Amino acid sequence: ARHPTKYRSLVPMVDCIFMDVAQPDQARILAYNAQYFLKNDGHYVISVKANCIDSTMEAPVVFAAEVDKMKKDRLKPLEQATLEPFERDHAVVVGTYRPLKKAKA
């Protein structure tokens, strides 16, 4: 997932990326892969594991920081939900990449 240029010729553009990697820079990895593979107005689903990013901070603070990182990379979060009580300190974020501008009616 960290080197999309190595498999770019093998993978076409996609409508959705699902990401479930336990890495401190998982928002960056998502953005990097979205640049190569996700169509404009495509969707993403990412599982954010707070303890893998920063175990010294409270989970809601980590989630907010990750969402801010996504926004800076043209990933527009639409919905966020924690996975409590099934998984502690986990959240899922669903959103769109480079959303298309809506035409005024």
Side-chain angles (χ1 to χ4, degrees):
R2 291 183 184 276
H3 306 286
T5 54
K6 290 184 178 180
Y7 49 89
R8 176 65 187 113
S9 63
L10 303 172
V11 179
M13 295 296 285
V14 297
D15 296 315
C16 184
I17 291 178
F18 175 81
M19 185 169 169
D20 187 17
V21 298
Q23 297 295 320
D25 60 339
Q26 59 190 30
R28 185 198 64 78
I29 295 170
L30 172 63
Y32 197 41
N33 278 273
Q35 289 173 3
Y36 281 94
F37 303 110
L38 195 54
K39 295 177 182 176
N40 289 343
D41 210 33
H43 289 80
Y44 64 89
V45 179
I46 181 172
S47 178
V48 180
K49 298 155 190 70
N51 287 336
C52 292
I53 296 167
D54 190 337
S55 61
T56 65
M57 296 170 57
E58 293 292 320
V61 175
V62 174
F63 299 149
E66 290 303 294
V67 166
D68 285 343
K69 290 176 191 176
M70 290 178 215
K71 289 178 182 177
K72 290 176 184 170
D73 286 316
R74 301 191 328 182
L75 294 160
K76 180 181 179 185
L78 300 175
E79 187 174 350
Q80 175 181 330
T82 65
L83 299 182
E84 300 280 347
F86 307 106
E87 291 289 338
R88 199 176 104 246
D89 298 334
H90 284 60
V92 171
V93 180
V94 177
T96 59
Y97 179 61
R98 293 191 297 217
L100 300 175
K101 297 201 188 289
K102 305 290 184 208
K104 293 184 180 181

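Bear in mind the structure is a predicted one, so any value in this text is a computation, not a measurement. For the numbers below, each heavy atom of this structure counts, side chains included, while hydrogens, waters and symmetry mates do not.
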### Message
Whether the side chain of Q26 engages the backbone of S47 through a donor-acceptor N/O pair (distance < 3.5 Å, no angle test) should be reported.
### Response
yes
### Query
If you round to the nearest 0.5 Å, how far is NE2 of H90 from OG1 of T82?
11.5 Å
#### Entry: Contact summary for V62 and A50, nearest pair of heavy atoms
CG1-CA, 3.8 Å
### Message
If you define the side chain from C-beta out and look only at heavy atoms, does anything of E66 sit under 4.5 Å from I53?
### Response
yes
### Task
Working to the nearest 0.5 Å, report the span between CG of N40 and OH of Y97.
7.5 Å
### Query
What about V67 and L78, same hydrophobic cluster or not, with Ile/Leu/Val/Met/Phe/Trp/Tyr joined at side-chain heavy-atom distances under 4.5 Å?
no
#### Entry: From NE2 (H3) to OG1 (T5), nearest 0.5 Å
8.0 Å
### Message
Hydrophobic clustering (ILVMFWY, side-chain heavy atoms < 4.5 Å, transitive) - are Y32 and L38 grouped together?
### Response
yes
### Task
Sorted by first residue and then second, give each salt bridge (charged side-chain N to carboxylate O under 4.0 Å, His left out) pair with at least one member in residues 51-65; sequence neighbours left out.
none
### Query
How far does CD of Q35 sit from CZ of R98, to the nearest 0.5 angstrom?
8.0 Å
### Query
Hey, mind stepping through N33 and Y44 against side chain to side chain donor-acceptor pair (under 3.5 Å) and telling me if it holds?
CA-CA 11 Å; N33 278 273; Y44 64 89; over 6 Å; no
### Task
Please confirm whether Y36 and Y7 have ring centers closer than 6.0 angstrom.
no
### Query
Are M19 and F37 in one and the same hydrophobic cluster, where Ile, Leu, Val, Met, Phe, Trp and Tyr link if side-chain heavy atoms are under 4.5 Å apart?
yes
### Query
So, D73 and R28, do they make that salt bridge, N to O below 4.0 Å?
no
### Task
Evaluate whether atom CZ of R88 has more than 12 neighbouring non-hydrogen atoms of other residues, nucleotides or ligands under 6.0 angstrom away.
no
### Query
Does any non-hydrogen side-chain atom of R2 lie less than 4.5 Å from one of I29?
yes
### Task
Quick one: do D20 and K49 satisfy side-chain contact (heavy atoms from CB on, under 4.5 Å)? Show the steps, please.
CA-CA 9 Å; D20 187 17; K49 298 155 190 70; 2.3 Å; yes
### Task
Establish whether M70 and M57 are linked, either directly or via other cluster members, by ILVMFWY side-chain heavy-atom contacts under 4.5 Å.
yes
### Query
Does one hydrophobic cluster hold both I17 and V21, with members joined at side-chain heavy-atom distances below 4.5 Å?
yes
### Query
When rounded to the nearest 0.5 angstrom, what distance separates CG in L75 from CD1 in I46?
8.5 Å
### Message
Can you list everything that forms a ring-ring contact (aromatic ring centres under 6.0 Å, His included) with F18? Sequence neighbours excluded, please.
### Response
none
### Query
Donor-acceptor pair, E84 side chain versus D89 backbone, under 3.5 Å?
yes
